[in-house]
Student: 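My questions all concern the structure below.
Heavy-atom basis, side chains included; hydrogens, waters and symmetry copies ignored.
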Amino acid sequence: TGPTGLPFNFGDGREKRLGGAETLLWLAGRFERPACTRLAHEIADPGPLDLLWYRPRPDAAAVTRIPPGRAWAGPRAVTLRTAWEDPRATFVGFKAARPQDNHAQLDAGTFVLEAHGVRWAIDLGKDDYNLPGYFDRGKKRWTYYRNRAEGHNTLVIAPGEEADQQIRAETQIERFELATAEQMSSNNKGAVHSLAIADLTAAYRPHGRRVSRGVALSAAGDVLLPDEIEPDGSYVWWLLHTRAALRLADGGRTALFSQGGEKLRADLVEPAGARFTVESAAPLPSSPDPPGQTANKGVRKLSIHVADARQLRIIVRLSPGAERPAPLPATIGAQPLEAW
């Protein structure tokens, strides 16, 4: 759950605040975890059952002792944040996938992003459970936009009528390194990072011989998102869904987000010849478009497309605020993922 109180709502999860704090309050009492009490007061909306397990709000130290990130084995997910007590902190949720899990989607490599109190990169969550074949994992489920990779903040390679990631693939977070809370709050804002790398190759066969995605979070709140792809010459799409207003600058090399009076900047570091474009949150022309799907009103899709790709690095930097960010540290920068 990010600083806004919204969860990392992958799969059929909804982008909705925790409805009540009773579970966190029970955990706090059962396992003597004051941090759970603190979080119950901060991220959950009040509910009547809270009265049964109510505990007073402890001081901030209970939360700041929690590491600013974690790798979760079950959902194959990672969460990273710059701080607990700062409502403007940067938060990233990032995941690999196993689409045959209950309520799972084709979302290997997807992420959500919060900064300055705004959810910038969103997950659309579930569609209508009454749609025909919505839970038909053989084929029909993967025709609906929200269940496909193209409906997420990830990559699509060689899009077409078929499922755009392998439906029985198991992908993994292969590396996770966490900066300490003290490092993330240090004055050396540009040089300390938490990071995660996912091997997504299994999700993109046969069109992707090797596909890896990394996420690095700096103490300043910047996010670096490199992709290393060896496709078979197919068309590659890079996608990010947002409710923010979008304006392109620098000939399409920069995208400026604005929402709720806050700003975010996206810079396309590599490849040199690519540009951002802004699309509607709707199926690609080559994709299935069955009737009855939810119209994703108010959602835009920031895209990069590269044709005839065979050896490709896509690197995007996301920076809270609209100012031009500081140069990337040499220790992370545009280094290959294996050198991180």
Side-chain angles (χ1 to χ4, degrees), residues 2-4 6 8-10 15 88-94 107 109-125 145-146 148-156 159 164 213 215 217-218 220-227 235-285 287 289 293-307 314-326 328:
T4 65
L6 298 175
F8 179 16
N9 59 307
F10 52 83
E15 189 185 74
R88 296 173 63 80
T90 299
F91 168 87
V92 182
F94 170 56
D107 60 1
T110 199
F111 68 98
V112 298
L113 169 66
E114 290 184 7
H116 292 188
V118 174
R119 174 67 60 97
W120 297 103
I122 68 169
D123 191 299
L124 294 169
Y145 181 78
R146 291 191 173 194
R148 292 170 61 83
E150 65 179 309
H152 293 88
N153 305 324
T154 190
L155 302 166
V156 176
D164 51 4
R213 166 166 278 192
V215 172
L217 173 63
S218 78
D222 287 5
V223 175
L224 194 68
L225 193 74
D227 294 301
Y235 217 108
V236 175
W237 291 77
W238 180 103
L239 305 169
L240 183 157
H241 293 74
T242 186
R243 293 190 184 88
L246 285 171
R247 178 172 66 86
L248 300 183
D250 301 332
R253 299 287 295 180
T254 297
L256 302 174
F257 297 62
S258 60
Q259 185 175 349
E262 299 291 345
K263 298 182 185 299
L264 180 84
R265 177 187 177 109
D267 288 289
L268 179 46
V269 181
E270 292 188 32
R275 298 289 183 270
F276 286 123
T277 60
V278 179
E279 322 275 346
S280 61
L284 296 169
S287 299
D289 190 9
Q293 298 183 88
T294 301
N296 301 310
K297 294 180 179 179
V299 179
R300 284 155 288 279
K301 185 165 58 178
L302 185 66
S303 305
I304 304 165
H305 12 112
V306 180
I314 300 175
I315 303 177
V316 174
R317 185 180 185 181
L318 301 161
S319 306
E323 299 299 323
R324 189 171 295 276
L328 291 166

Student: To check you understand the geometry: which heavy-atom pair defines the closest contact between P283 and Q293, and what is its length?
Tutor: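 Shortest heavy-atom contact: CG-NE2, 4.3 Å.
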Student: To the nearest 0.5 Å, what is the distance between CZ on R119 and OG1 on T4?
Tutor: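 Taking CZ in R119 and OG1 in T4, the distance rounds to 5.0 Å.
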Student: For side chain to side chain contact (heavy atoms under 4.5 Å, CB included), just list the numbers for T242 and L264, CA-CA rounded to whole Å, side-chain angles, deciding distance to a tenth of an Å, and then say yes or no.
Tutor: CA-CA 11 Å; T242 186; L264 180 84; over 6 Å; no
Student: Any idea which heavy atoms bring A274 and V306 closest together, and the distance?
Tutor: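 Of all heavy-atom pairs spanning A274 and V306, the closest is CB-CG2, 4.5 Å.
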Student: Within this structure, what is the CD-CG distance for the pair E150 and L284, rounded to the nearest 0.5 Å?
Tutor: 4.5 Å
Student: Give, for atom CG of L318 and atom CG of L302, the distance between the pair rounded to the nearest 0.5 Å.
Tutor: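 These two atoms lie 8.5 Å from each other.
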Student: Return the set of residues passing side chain to side chain contact (heavy atoms under 4.5 Å, CB included) with V118 (not counting sequence neighbours), or none when no residue passes.
Tutor: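 If we apply the side chain to side chain contact (heavy atoms under 4.5 Å, CB included) test to V118, skipping adjacent residues, the hits are W120, Q259, E262.
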Student: With rounding to the nearest 0.5 Å, note down the distance linking CG in D107 to NE2 in H152.
Tutor: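 It comes to 4.5 Å.
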Student: Side chains of L256 and K263: does their closest heavy-atom pair fall under 4.5 Å?
Tutor: no
Student: Is there a donor-acceptor pair under 3.5 Å between the side chain of R275 and the backbone N or O of G251?
Tutor: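 Confirmed, R275 side chain pairs with G251 backbone.
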Student: Distance from R253 atom CZ to D267 atom CG, nearest 0.5 Å?
Tutor: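 The distance works out to 9.0 Å.
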Student: Between A89 and P3, what is the shortest heavy-atom contact and its length?
Tutor: O-CG, 3.8 Å
Student: If the test is side-chain contact (heavy atoms from CB on, under 4.5 Å), which one of T154, V156, I304 qualifies with L239?
Tutor: V156
Student: Using modelled atom types only, decide if a donor and an acceptor are shared between the side chain of R317 and the backbone of A266 within a distance under 3.5 Å.
Tutor: no
Student: Are the side chains of I314 and P226 in contact, using a 4.5 Å heavy-atom criterion?
Tutor: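 No, too far: nothing below the 4.5 Å cut-off.
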Student: If you take all heavy atoms of F276 and L248, which pair is closest and at what distance?
Tutor: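 Scanning both residues completely, I find the closest heavy atoms to be O-CD1, 3.4 Å.
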Student: Looking at every non-hydrogen atom in both residues, tell me the closest pair between A115 and P320 and how far apart they are.
Tutor: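 Shortest heavy-atom separation between A115 and P320 comes out as CB-CG, 3.7 Å.
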Student: Are the side chain of D123 and the backbone N or O of V112 linked by a donor-acceptor pair below 3.5 Å?
Tutor: no
Student: Can you check whether L6 reaches E114 side chain to side chain, under 4.5 Å on heavy atoms?
Tutor: yes
Student: Do the side chains of N296 and R146 get nearer than 4.5 Å, heavy atoms only?
Tutor: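 In contact.
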Student: Atom CZ of F10 and atom CG of N153: how far apart are they, to the nearest 0.5 Å?
Tutor: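 It comes to 14.5 Å.
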Student: Write out all pairs satisfying ring pair (Phe, Tyr, Trp, His ring centres under 6.0 Å) with one or both partners inside residues 240-270, taking only residues at least two apart or from two chains.
Tutor: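 Output for this query lists Y145-H241.
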Student: Measuring only between side-chain heavy atoms, which start at C-beta, is T90 closer than 4.5 Å to L113?
Tutor: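 The answer is yes; the side chains approach within 4.5 Å.
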Student: Can you name the side chain to side chain contact (heavy atoms under 4.5 Å, CB included) partners of H305, sequence neighbours left out?
Tutor: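 With sequence neighbours excluded, H305 shows a side chain to side chain contact (heavy atoms under 4.5 Å, CB included) to Y235, W237, T277, E279, S303, given in chain and number order.
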Student: What are the two closest non-hydrogen atoms of R148 and S287, and how far apart are they?
Tutor: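 Reported closest heavy-atom pair: NH2-OG, 3.7 Å.
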Student: Check whether any side-chain N or O of D164 sits under 3.5 Å from a backbone N or O of A149 as a donor-acceptor pair, and report yes or no.
Tutor: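 Confirmed, D164 side chain pairs with A149 backbone.
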Student: Using a 4.5 Å cut-off on heavy atoms from C-beta on, say whether the side chain of L240 contacts that of F111.
Tutor: yes
